[in-house]
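One structure below.
Here the structure is a predicted model, which is why all the values come from computation and not from measurement. Counting starts at 1 for both ligands and their atoms, in listed order.
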Amino acid sequence: MTVTKKTIHGEWSSRFAFILAATGSAVGLGNIWKFPYITGENGGGAFVFVYLLCVALIGVPIMMSETMLGRRTRQDPVDTMRILAEEAGADSRWQYLGWMGVTAGLLILSYYSVIAGWSSAYILKAFTGSFFDADATAVKAIFDGFIESPLQLIFWHSLFMAATMLIVVRGVHDGLEHSVRLLMPGLFILMILLLAYAMSTSGYFQGLRFLIHPDFSKLTADSILTAMGQAFFTLSLGMGSVMVYGSYLSSDVSIVKASYIIAAADTLVALLAGLIIFPIVFTHGLHPDSGPGLIFKTLPIAFGSMTGGWLFGILFFLVLAIAALTSSIALIEPAVAWLVENKGFSREKACTLAGLAAWALGLGTVFSFNVWADFRIFGRTFFELLDYLTANLMLPIGGFCIAVFSGWIMHRQDSEQELNLPTARAYAVWKFLVSYVAPIAVFLVFLNAVGVI
Ligand code: PHE
């Protein structure tokens, strides 16, 4: 067998470092920016319920599989799939799964960087006191004025992409690991403080109810697909990031425990974000379905009126930008690892190439908020189309294939050995989830979305 058990990129220094980095990859704009606005667009509680179900039944087992596949070969996603297919005596076309992941990562990064740029711009806005005493109308005007300007968006998008490239050039240890150590606790503390503020608002219970009270009549086939897509997106699944991070993980770490911790932390941050945003939405008579601008139209109202809001505002957008950065490095890493391992590029050259490609594509997202706002493809703006294509289609398809591969194609003794679960029963549960539950659930959601069931 050609399983090479060594990575050329170095390993995480400890289990804790891996958990931090993987949580850093999972926690990002998906939790704080995307989760609240798509929950708002899809009617609240019932959507959240489906999302949580997808995280638990589909996301967590697939996360275990994806980490395991990466750690077994210690290669980039394309080579991981090629080698594992060979090891299992399966079709070499499994490597296309790696390809799709590398592509999805760059596509997501292209718009991720634009939104992360908004957050970076808001650090400055908070610093210069733009939100001071601003009401909902003033805050909305600030946001609308900002996204109308392609030049401003391009500036912040470029800055963010450059930061991503700089960190990734430095490699696993110096770059990826150090940047998450301080961030996660910082983000958590800030969110708890903001929650205290949200709990003091008059709309708190209305917000809470919106988030947890399931009204299933609001669920459409498309919102179920979106909830599932969000489970993949928020856990960074189905596109090779987790595979690459797993390939830097030392063999003695329990993948299962780590996966639970990462998924729990990720879910907690998303729910906290919802608990903070919706009370502000209802207190100020805003609409939960205000789209991608939701957090930028709500949180500044809080910062403008609460004690210490100036400092909170700066810190919050700073932490959000850094949380986005620890996710964007995970988005670009599969492409970089592939270019380095497979094409023999230097890390510098690989980062530059991948970063520039994502940057250029990001311009489409920039324009979809202003000059191309009326330009629709299949009824969607460029940004919406890209988001739909990646989160709702490519990631679940990638996840489906990962589940099928680890449940049906990979030899039992290989997955048993690599997962190293404490009991035979625990292994049987995982095996059942990835062989049946996850693939069937993804399949049914797809059938439902295209109207077959
Ligand atoms: N999970 C990240 C977030 O929620 C986004 C992401 C997706 C990162 C896929 C890496 C891979 O913000």
Side-chain angles (χ1 to χ4, degrees), residues 19-39 51 54-55 59-60 62-63 66-67 70 76-77 98 100-119 160 164 167-168 176 179-180 183-184 187 191 226-246 248 259 262-274 292 295 319-338 354 358 386-399 402:
I19 291 182
L20 269 181
T23 310
S25 144
V27 175
L29 295 175
N31 309 60
I32 298 169
W33 159 75
K34 196 172 180 193
F35 173 75
Y37 96 75
I38 58 173
T39 298
Y51 155 76
C54 291
V55 167
V60 175
I62 292 185
M63 182 182 264
E66 196 174 331
T67 316
D76 63 273
M100 188 172 71
V102 168
T103 315
L106 292 182
L107 294 181
I108 296 175
L109 179 62
S110 78
Y111 67 82
Y112 205 84
S113 163
V114 174
I115 311 293
W118 296 2
S119 184
F160 185 84
T164 303
I167 293 188
V168 177
L176 308 196
S179 41
V180 273
L183 173 81
M184 285 300 133
L187 177 70
M191 292 192 79
T226 305
M228 181 175 75
Q230 173 65 5
F232 280 97
F233 186 88
T234 192
L235 295 174
S236 311
L237 289 179
M239 45 70 66
S241 272
V242 173
M243 224 181 257
V244 174
Y245 277 33
Y248 305 153
S259 302
I262 296 160
D266 184 77
T267 308
L268 190 68
V269 175
L271 293 177
L272 267 177
I295 66 161
V319 166
L320 182 59
I322 304 175
L325 203 52
T326 59
S327 299
S328 66
I329 54 187
L331 284 163
I332 202 175
E333 186 65 18
V336 170
W338 176 73
L386 211 52
D387 181 36
Y388 191 89
L389 181 73
T390 51
N392 291 13
L393 301 178
M394 292 172 92
L395 302 189
I397 292 172
I402 288 169

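- Close contacts of ligand 1 with Leu29, meaning ligand atoms under 4.0 Å from a residue heavy atom, involve 12 (O).
- The two residues Ser327 and Val27 come nearest to each other via the heavy atoms OG-O, 3.1 Å.
- Here the shortest heavy-atom pairing between Ala263 and Leu235 reads CA-CD2, 3.9 Å.
- Among all non-hydrogen protein atoms, the one lying nearest atom 8 (C) of ligand 1 is Ser236 OG, 3.3 Å.
- Here the heavy atom of the protein found nearest to atom 2 (C) of ligand 1 is Ser25 O, 3.3 Å.
- Atoms CG and CD, on Leu395 and Gln230 in that order, are 10.0 Å from each other to the nearest 0.5 Å.
- For atom 7 (C) of ligand 1, the nearest non-hydrogen atom from the set Phe35, Phe233, Tyr245 belongs to Phe233.
- The OG atom of Ser113 sits 9.5 Å away from atom CG of Leu29, with the distance rounded to the nearest 0.5 Å.
- Put simply, CG on Leu272 and OG1 on Thr267 are 11.0 Å apart, with the number rounded to the nearest 0.5 Å.
- The line from CD1 of Ile402 to CD1 of Ile397 is 12.0 Å long, rounded to the nearest 0.5 Å.
- Under the 30°/60° scheme for interplanar angles, the aromatic rings of Phe233 and Tyr111 are found to lie parallel.
- Under a 4.0 Å criterion applied to the non-hydrogen atoms of Gly30, ligand 1 contributes the atoms 3 (C), 4 (O), 12 (O).
- Of the N or O atoms in Ala26, one or more lie within a sub-3.5 Å distance of an N or O in ligand 1.
- Counting protein heavy atoms only, atom 12 (O) of ligand 1 is closest to Tyr112 OH, 2.4 Å.
- At a 4.0 Å heavy-atom cut-off, ligand 1 touches Met239 through the side chain alone.
- Here's the thing with Ser241: none of its N/O atoms is less than 3.5 angstrom from an N/O atom of ligand 1.
- Less than 4.0 angstrom separates some heavy atom of Thr234 from each of these atoms of ligand 1: 1 (N), 4 (O).
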